[in-house]
Amino acid sequence: MHLDVQDLRNFYYRSTLGRAAQASIRNRLLQFWPDATGQTMAGFGFAAPLMRPYLAEARRVIALMPGPQGVMQWPAGMPNVSVLCEETSWPIETGRVDRLVVMHGLETSERPSELVEECRRVLGPGGRAIFVVPNRAGFWARSDKTPFGYGRPYTLTQLENQLRLHEFTIERHAAALYRLPSQKRFWLKSGAMFDRIGRRLPTMLAGGVFMVEVSKQTHPQRGHMTRVQRANPIRVLEGLSNPLPEPV
């Protein structure tokens with residue numbers, strides 16, 4: 001079940017809680033990838049709020065938004081780089097992307113396995129992706145007042161196992177959104193404190209979302225190569241005009 005792009009935009013850009021959630025996840029992303037100079041970066045789902053810091057330094061930034069969700073112009077006040085696309089068929093050449101961010105894409109997809117395979121297709125050798133999904137045990141997955149309350153939440157083990165099935169290598173994981181998903185003034189003001197405390201807790205026990213970084217590794221073929229010897233066409237024709245003696 002995809003949320004409408006207008007609901008996502010209103011949450012992340014027009015609500016105090018949404019802007020705080022955006023900052024919390026984006027700060028974690030910048031810890032993973034502090035620099036993207038000269039790289040091609042793409043986001044799928046509604047990852048646009050996380051990618052603004054890379055607009056100035058990346059070689060190219062693309063915001064892919066699935067058809068059931070809808071698309072909006074992004075970034076505001078700059079040339080548009082957002083694209084409406086099929087969920088499992090993106091208008092990107094194979095191996096073209098260096099960095100990929102997926103948020104509000106995997107948990108809402110009706111074909112998650114095909115979606116992960118499409119993520120692998122567009123990544124180049126050594127390319128990396130970060131999947132952001134709701135934590136099944138977190139408070140954010142239990143509240144339908146935020147986008148993280150929709151779709152299928154994950155445990156960390158479930159997410160990593162699904163990514164391994166598609167031959168991704170797990171590099172590292174983290175959590176974000178330790179604050180409560182509440183619009184009340186007290187919780188909004190104390191949210192930054194909860195984020196600082198939460199980073200010291202085990203990833204499995206806290207956080208509204210999981211962030212798993214994976215890489216696409218290509219392994220060279222191993223073993224002995226066997227060459228197939230083709231028949232000499234000249235020798236074949238020779239046998240027609242001058243038959244060879246049969247072996248005894």
Side-chain angles (χ1 to χ4, degrees), residues 1-4 7-8 11-12 15 17-18 20-29 31-32 43-47 49-50 66 68-69 87-88 100-120 128-184 187-188 190-191 193-215:
M1 174 182 177
H2 288 273
L3 282 173
D4 188 86
D7 295 329
L8 291 164
F11 176 74
Y12 281 107
S15 73
L17 181 62
Q22 176 185 157
S24 177
I25 302 174
R26 188 171 58 201
N27 289 341
R28 274 295 199 182
L29 178 63
Q31 291 177 1
F32 277 49
F44 176 77
F46 198 75
L50 308 182
Q69 169 189 292
E87 187 178 60
T88 58
L100 173 66
V101 182
V102 178
M103 185 170 77
H104 300 308
L106 185 60
E107 74 272 17
T108 57
S109 174
E110 296 180 358
R111 296 175 290 175
S113 182
E114 295 178 36
L115 174 58
V116 176
E117 193 59 36
E118 183 69 358
C119 294
R120 180 174 174 79
R128 300 206 171 200
I130 288 182
F131 291 83
V132 183
V133 299
N135 176 6
R136 182 181 294 276
F139 290 107
W140 289 75
R142 306 175 193 178
S143 173
D144 56 7
K145 295 181 180 180
T146 79
F148 297 101
Y150 292 83
R152 299 177 307 277
Y154 283 79
T155 66
L156 183 59
T157 302
Q158 288 172 340
L159 177 59
E160 292 186 343
N161 286 343
Q162 183 170 356
L163 297 175
R164 287 192 182 99
L165 286 176
H166 294 271
E167 300 182 354
F168 277 117
T169 300
I170 307 298
E171 298 293 341
R172 50 184 168 170
H173 58 249
L177 285 185
Y178 297 96
R179 64 181 68 223
L180 294 178
S182 173
Q183 295 279 6
K184 293 183 179 180
W187 297 114
L188 289 173
S190 59
M193 178 189 67
F194 280 103
D195 278 341
R196 289 193 299 270
I197 296 174
R199 295 190 188 109
R200 303 175 184 176
L201 300 176
T203 303
M204 297 287 288
L205 300 179
V209 299
F210 290 128
M211 303 176 66
V212 176
E213 181 187 21
V214 299
S215 62

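Numbering starts at 1 and runs along the sequence shown.
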Would you say the side chain of [Y] lies within less than 4.5 Å of the side chain of [X], judging by non-hydrogen atoms?
X	Y	answer
Val209	Asn135	no
Leu3	Thr108	no
Leu159	Leu106	yes

Considering all heavy atoms of both residues, which atom of [X] and which atom of [Y] are nearest to each other, and what is their separation?
X	Y	value
Phe168	Ser215	CD2-O, 3.6 Å
Phe44	Gly105	CE2-CA, 4.0 Å
Gly208	Trp140	CA-CD1, 3.7 Å
Tyr150	Glu107	O-CG, 3.8 Å
Arg28	Ala176	CG-CB, 3.9 Å
Thr88	Glu114	CG2-CB, 3.7 Å

With Glu213 via side chain to side chain donor-acceptor pair (under 3.5 Å) - residues at least two apart
Trp33, Arg128, Arg172
Mind checking side chain to side chain donor-acceptor pair (under 3.5 Å) for Arg120 and listing every partner two or more places apart, or none if nothing turns up?
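Here no residue qualifies.
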Indicate yes or no for a side-chain donor-acceptor contact from [X] to the backbone of [Y] under 3.5 Å, with no hydrogens or angles considered.
X	Y	result
Ser143	Gly149	no
Gln158	Thr155	yes
Arg142	Ala137	yes

With rounding to the nearest 0.5 Å, note down the distance linking CD in Glu171 to CG in Leu163.
12.0 Å
If we count only N and O atoms by modelled type, under 3.5 Å, do the side chains of Glu87 and His2 hold a donor and an acceptor together?
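Checked: Glu87/His2 side chains pair up, N/O donor to acceptor below 3.5 Å.
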Should the ring pair Tyr12 and His104 be called parallel, tilted or perpendicular, given that the plane angle runs from 0 to 90° and is split at 30 and 60?
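Tyr12 vs His104 ring planes: tilted.
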Gln162 and Tyr154: CA distance, side-chain angles, deciding distance, side-chain contact (heavy atoms from CB on, under 4.5 Å) verdict
CA-CA 10 Å; Gln162 183 170 356; Tyr154 283 79; 3.2 Å; yes
For residues 152-162, which residue pairs pass the salt bridge (charged side-chain N to carboxylate O under 4.0 Å, His left out) check, not counting sequence neighbours?
Glu160-Arg164
